[in-house]
Undergrad: 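Structure provided below as structure tokens; questions to follow.
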Amino acid sequence: MWEARPAGFTLTAYAVTVFLPDHHPEGVLTLRQIHSARVVDVDREPADKGDGLFTREGKPLGVRTADCYPVVLWAPLQPGTHAALHVGWRGFFRGILEAGVALFSGNPVKAAIGPGICGRCYPVGESFVDWARPWMFRNAQHLHLDLLRAIRDRLESLGVEVVALPPACTFEDLRLPSYRRTGERGRSLLTVVGQI
Ligand SMILES: [Zn+2]
């Protein structure tokens, strides 16, 4: 479903491209990301801050990630209606997936999940938030969070068909930016939905 290219990954099912850090294109609407559940309808509001963008007009929308998951949604029966979401554990907990799906007004929605950090590479503290228990597991001495499993489960419970899973783990694939691996905040993937 994802095809590897020099600049990143493209999705064969819809116009989605995950760009590597040195290949970010111009002309993509993005936000100042704040780990929130705010999804901006860019046909009606300025694209300022938040963690999701939505359009019915086919505009190219982008989110930046480096371990958090980029999630792209589209309406197969309404060409040009799509959304891009930045989903870390905070945004997940605050309801970014629910907020994004709600903008599709009950129409069928498909999803693709881009590269993020897998559960094996994501240890969390013993006091990590309780709501995440269903998606945590113990590996050697550490608790781990399987955020990808959480996102898939939540999307499926919202009636969304997940048609593409991440092609790689950001922590393990050294071509990809990983905040947990390098501590660098400046380098990120740019996941774009829409023609650019
Ligand atoms: Zn991993």
Side-chain angles (χ1 to χ4, degrees), residues 1-35 51-53 60-73 83-93 96-97 111-126 128-129 132 135-155 162-196:
M1 193 63 80
W2 293 103
E3 285 182 5
R5 300 273 169 83
F9 301 90
T10 58
L11 187 70
T12 53
Y14 196 74
V16 182
T17 309
V18 180
F19 290 97
L20 294 170
D22 296 328
H23 297 82
H24 289 193
E26 301 290 321
V28 178
L29 289 171
T30 58
L31 300 173
R32 185 163 63 81
Q33 298 176 184
I34 52 176
H35 293 282
D51 293 274
L53 308 98
L61 311 176
V63 287
R64 294 194 181 88
T65 56
D67 289 340
C68 291
Y69 282 91
V71 175
V72 169
L73 307 174
L85 309 175
H86 157 241
V87 189
W89 71 264
R90 291 180 186 83
F92 177 92
F93 175 60
I96 184 87
L97 294 172
I113 307 174
I117 191 166
C118 82
R120 289 189 311 278
C121 298
Y122 192 8
V124 293
E126 292 292 326
F128 198 75
V129 286
W135 303 291
M136 290 167 77
F137 61 95
R138 192 167 289 280
N139 191 354
Q141 69 272 49
H142 288 294
L143 274 177
H144 290 246
L145 174 62
D146 188 345
L147 182 59
L148 173 61
R149 184 77 247 173
I151 292 170
R152 290 178 67 183
D153 285 355
R154 183 59 50 86
L155 286 171
V162 178
V163 299
L165 294 171
C169 164
T170 46
F171 192 93
E172 292 171 64
D173 187 328
L174 300 182
R175 294 170 302 166
L176 306 183
S178 168
Y179 175 66
R180 285 222 162 201
R181 190 182 65 240
T182 65
E184 276 186 76
R185 289 212 180 269
R187 288 169 64 76
S188 56
L189 297 170
L190 178 67
T191 298
V192 177
V193 58
Q195 300 292 348
I196 46 174

Undergrad: Please check: side-chain N/O of Arg90 versus main-chain N/O of His35, any donor-acceptor pairing under 3.5 Å?
TA: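 Not a single qualifying donor-acceptor pair exists.
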Undergrad: Does a side-chain heavy-atom distance below 4.5 Å link Tyr179 with Arg185?
TA: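 Side-chain contact under 4.5 Å: yes.
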Undergrad: Do you know the tightest heavy-atom contact between Pro6 and Leu20?
TA: O-CD1, 3.5 Å
Undergrad: So which heavy atom on Trp2 is nearest to which on Ala112, and how close?
TA: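 Scanning both residues, the minimum pair turns out to be CZ2-CB, 4.2 Å.
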Undergrad: In Å and rounded to the nearest 0.5 Å, what is the OG1 to CD1 distance from Thr65 to Ile117?
TA: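 It is 11.5 Å, given to the nearest 0.5 Å.
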Undergrad: Check whether any side-chain heavy atom of Val16 lies under 4.5 Å from a side-chain heavy atom of Thr10, and answer yes or no.
TA: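 No, too far: nothing below the 4.5 Å cut-off.
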Undergrad: Can you confirm whether or not the ring centre of Trp135 sits under 6.0 Å from the ring centre of Phe92?
TA: yes
Undergrad: Report yes if some heavy atom in the side chain of Glu3 is under 4.5 Å from a heavy atom in the side chain of Arg5; otherwise report no.
TA: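 With C-beta onward as the side chain, the pair touches.
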Undergrad: Between atom CD1 of Ile113 and atom CG of Leu85, what is the distance when rounded to the nearest 0.5 Å?
TA: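 Separation between the atoms: 10.5 Å.
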Undergrad: Does the ring center of Phe19 lie less than 6.0 Å from the ring center of His24?
TA: no
Undergrad: Would you find a donor on one side and an acceptor on the other, under 3.5 Å apart, between the side chain of Thr12 and the backbone of Met1?
TA: yes
Undergrad: Does some side-chain heavy atom of Thr182 sit less than 4.5 Å from a side-chain heavy atom of Pro177?
TA: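 No, side chains not in contact.
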Undergrad: Strictly distance-based, threshold 3.5 Å: is any side-chain N or O of Gln33 a donor or acceptor partner for the main-chain N or O of His86?
TA: no
Undergrad: Could you tell me whether Arg138 atom CZ has more than 12 heavy atoms of other residues or ligands within 6.0 Å of it?
TA: yes
Undergrad: Does the His144 side chain pair with the main chain of Gly119, one donor and one acceptor, at a distance under 3.5 Å?
TA: yes
Undergrad: Quick one: which of Leu53, Thr30, Asp51 gives a side-chain contact (heavy atoms from CB on, under 4.5 Å) with Val63?
TA: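 The single option meeting the side-chain contact (heavy atoms from CB on, under 4.5 Å) with Val63 is Leu53.
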Undergrad: Please check: side-chain N/O of Arg181 versus main-chain N/O of Thr170, any donor-acceptor pairing under 3.5 Å?
TA: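 Pair found, side chain donor or acceptor close to backbone of Thr170.
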Undergrad: Rounded to the nearest 0.5 Å, what's the gap from CZ on Arg180 to SG on Cys68? Could you check?
TA: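 That separation rounds to 10.0 Å.
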Undergrad: For Gly52 versus Leu31, what's the shortest heavy-atom pair and its separation?
TA: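 Looking at all heavy atoms of both residues, the closest pair is O-CD1, 3.3 Å.
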Undergrad: For atom CZ of Phe93, decide whether the heavy atoms of other residues, nucleotides or ligands shown that lie under 6.0 angstrom number more than 12.
TA: no
Undergrad: Specify the closest pair of heavy atoms between Ala111 and Leu155, including all atoms of both residues, with the distance to one decimal.
TA: CB-CD1, 4.0 Å
Undergrad: So with a 6.0 Å cut-off around CD of Glu126, is the heavy-atom count from everything else above 12?
TA: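 Atom CD in Glu126 is crowded, with more than 12 foreign heavy atoms closer than 6.0 Å.
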Undergrad: What I'd like to find out is whether the side chain of Leu61 reaches to under 4.5 Å of the side chain of Val192, using heavy atoms alone.
TA: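 They are not in side-chain contact.
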Undergrad: Which heavy atom of Ile196 sits nearest to which heavy atom of Pro25, and what is that distance?
TA: CD1-CG, 3.7 Å
Undergrad: Mind checking the OG-CG spacing from Ser178 to Leu189? Nearest 0.5 Å is all I need.
TA: 10.0 Å
Undergrad: To the nearest 0.5 Å, how far apart are CG in Leu147 and CG in Asp67?
TA: 10.0 Å
Undergrad: For a ring pair (Phe, Tyr, Trp, His ring centres under 6.0 Å) with Trp89, tell me which candidate from Phe128, Tyr122, Tyr69 qualifies.
TA: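 Result: among Phe128, Tyr122, Tyr69, Phe128 is the only option passing the ring pair (Phe, Tyr, Trp, His ring centres under 6.0 Å) with Trp89.
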Undergrad: For Asn139 and His142, what are the C-alpha separation, side-chain angles and deciding distance, and is it a side-chain contact (heavy atoms from CB on, under 4.5 Å)?
TA: CA-CA 6 Å; Asn139 191 354; His142 288 294; 5.8 Å; no
Undergrad: Less than 4.5 Å apart, any side-chain heavy atom of Glu172 and any of Cys121?
TA: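 A side-chain contact under 4.5 Å exists here.
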Undergrad: Output the distance between atom OG1 (Thr17) and atom CG (Leu11), rounded to the nearest 0.5 Å.
TA: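 So the OG1 of Thr17 and the CG of Leu11 are separated by 8.5 Å.
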Undergrad: On a heavy-atom basis, which atom in Pro115 and which in Leu176 lie closest, and how many Å separate them?
TA: CB-CD1, 4.0 Å
Undergrad: Take Val71 and Leu73 through the side-chain contact (heavy atoms from CB on, under 4.5 Å) test and state the conclusion after the steps.
TA: CA-CA 7 Å; Val71 175; Leu73 307 174; 4.0 Å; yes
